[in-house]
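In what follows, a structure is listed as structure tokens, so that the remarks can point back to it.
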Amino acid sequence: MRRALKAMANQLLRMNMTTANASTDPKPFPAQPTPDEALARLKAGNAAFVADRPMQADVSRDRRLALARGQQPFATLVGCSDSRVGPEQLFGAGLGELFIVRTAGNNVDTAGMGSIEYSVMALQVPLIVVLGHEQCGAVAAASEIVTQDKRFPGSIGRMIEPIVPAVLAAERAGGKSDLVDRAVEENVRRMVERLQTFSEPMLMEPQRTGALKVVGAVYSLATGEVRWLD
């Protein structure tokens, strides 16, 4: 199994590094940081953001040309679809540094999970961050289903169904007070657990060897601070 996974990863990596112009020899990317080094970079970037001291993110023409030949983000971010939460800004990241998967309530379907797996297999990302945020509309809607038996039309109802178990768990643990905030954190923890425990071998094996880490966090809309969960 390990040999097959390694062969698949090498094949995907070769596909990622294929250049748009065969006559151009791309400059090799530097080695990926360790999971802890990648996490430290995100924490430093967020500290600068909170202090209104934005880091200098590379969005230059040279960077765009380099990324046209391949990519090597140092972290994958599983976030929520929301205009108020810009991952690159939160962490002072430039072009090509974060591989971002965003869905309402940071719950991923098959396409989202495949994207996460691709980032690890093909791009050798050492860190996955599941990022929830305060006042999450998807979690609030799931809370209304639990507390008010509310119904939502179209695909919205189906979209938030996977969040309901997190709301129920938060309600059992602490009642209805601050339910949405507690459900946001519970929802993040459940997604982290899914990636850590119930994933395909392509995610489990690098976690076993220490090449990959999965962590959870919650973003404060008012302060800009990212609070990291244990």
Side-chain angles (χ1 to χ4, degrees), residues 5-103 106 108-131 133 195 202-203 206 209-215 217 219 224 226:
L5 287 174
K6 186 175 181 180
M8 186 184 301
N10 289 336
Q11 181 180 3
L12 288 171
L13 185 59
R14 286 194 296 271
M15 291 170 60
N16 173 60
M17 294 301 295
T18 299
T19 62
N21 185 343
S23 64
T24 301
D25 184 19
K27 186 177 181 179
F29 287 108
Q32 286 283 43
T34 67
D36 288 338
E37 289 170 344
L39 183 57
R41 285 175 63 176
L42 293 181
K43 289 182 176 181
N46 183 244
F49 177 77
V50 172
D52 287 333
R53 191 181 67 253
M55 300 177 70
Q56 294 299 317
D58 191 350
V59 294
S60 65
R61 179 176 182 273
D62 287 345
R63 180 62 172 167
R64 295 195 301 272
L65 290 173
L67 290 171
R69 297 191 291 262
Q71 60 175 319
Q72 191 181 60
F74 72 87
T76 293
L77 190 136
V78 183
C80 180
S81 299
D82 192 289
S83 66
R84 301 166 294 178
V85 186
E88 289 90 351
Q89 290 78 35
L90 296 186
F91 298 112
L95 296 175
E97 293 190 306
L98 298 180
F99 188 90
I100 300 172
V101 180
R102 302 189 72 171
T103 60
N106 45 269
V108 297
D109 56 10
T110 301
M113 186 61 72
S115 299
I116 295 169
E117 292 169 351
Y118 171 80
S119 73
V120 175
M121 289 288 295
L123 308 180
Q124 300 177 349
V125 166
L127 178 69
I128 299 173
V129 178
V130 181
L131 180 67
H133 67 92
L195 293 171
M202 63 186 69
L203 295 185
T209 63
L212 174 68
K213 179 177 286 188
V214 182
V215 299
Y219 169 62
V226 173

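Reckoned from all heavy atoms, side chains included, excluding hydrogens, waters and symmetry mates. For reference, positions follow the sequence shown, starting with 1.
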All heavy atoms of A57 vs all of G92, minimum pair found to be CB-O, 4.2 Å
Holding to salt bridge (Lys or Arg N to Asp or Glu O under 4.0 Å), I want the full list of residues that pass it with D58, two or more places apart in sequence or in another chain.
none
The side-chain contact (heavy atoms from CB on, under 4.5 Å) partners of A75 (sequence neighbours excluded) come to L42, L98, L127
Which pair of non-hydrogen atoms, one from P33 and one from F74, has the smallest distance, and what is that distance?
CG-CB, 3.9 Å
Give a yes or no answer on whether the side chain of Q32 reaches the backbone of Q124 with a donor-acceptor pair at less than 3.5 Å.
yes
Residues forming a side-chain contact (heavy atoms from CB on, under 4.5 Å) with T34, sequence neighbours excluded
D36, E37
Value rounded to 0.5 Å, distance of CG in L195 from CE in M113
5.0 Å
Reported OG-to-CD1 distance for the pair S115 and I100, which is rounded to 0.5 angstrom
12.0 Å
I128 versus L212: any side-chain heavy-atom pair under 4.5 Å?
yes
Residues forming a side-chain contact (heavy atoms from CB on, under 4.5 Å) with Q89, sequence neighbours excluded:
F49
Do V120 and P206 come within less than 4.5 Å of each other through their side chains, counting heavy atoms only?
yes
Applying side-chain contact (heavy atoms from CB on, under 4.5 Å) to A47 and not counting sequence neighbours gives none
Pairwise side-chain hydrogen bond (donor to acceptor under 3.5 Å, both in side chains) hits with a residue in residues 42-56, at least two apart
none
Could you grab the distance from atom OG1 of T76 to atom CD of E117, nearest 0.5 Å is fine?
11.5 Å
Could you grab the distance from atom CG of L77 to atom CD of E88, nearest 0.5 Å is fine?
8.5 Å
In chain order, what residues pass the salt bridge (Lys or Arg N to Asp or Glu O under 4.0 Å) check against R84, with sequence neighbours excluded?
D82
Smallest separation among heavy atoms of C80 and R102, with atom names
O-NH2, 2.7 Å
Specify the closest pair of heavy atoms between V125 and P73, including all atoms of both residues, with the distance to one decimal.
CG2-O, 3.5 Å
Can you tell me how far the CG atom of L95 sits from the CD atom of Q71, to the nearest 0.5 Å?
11.5 Å
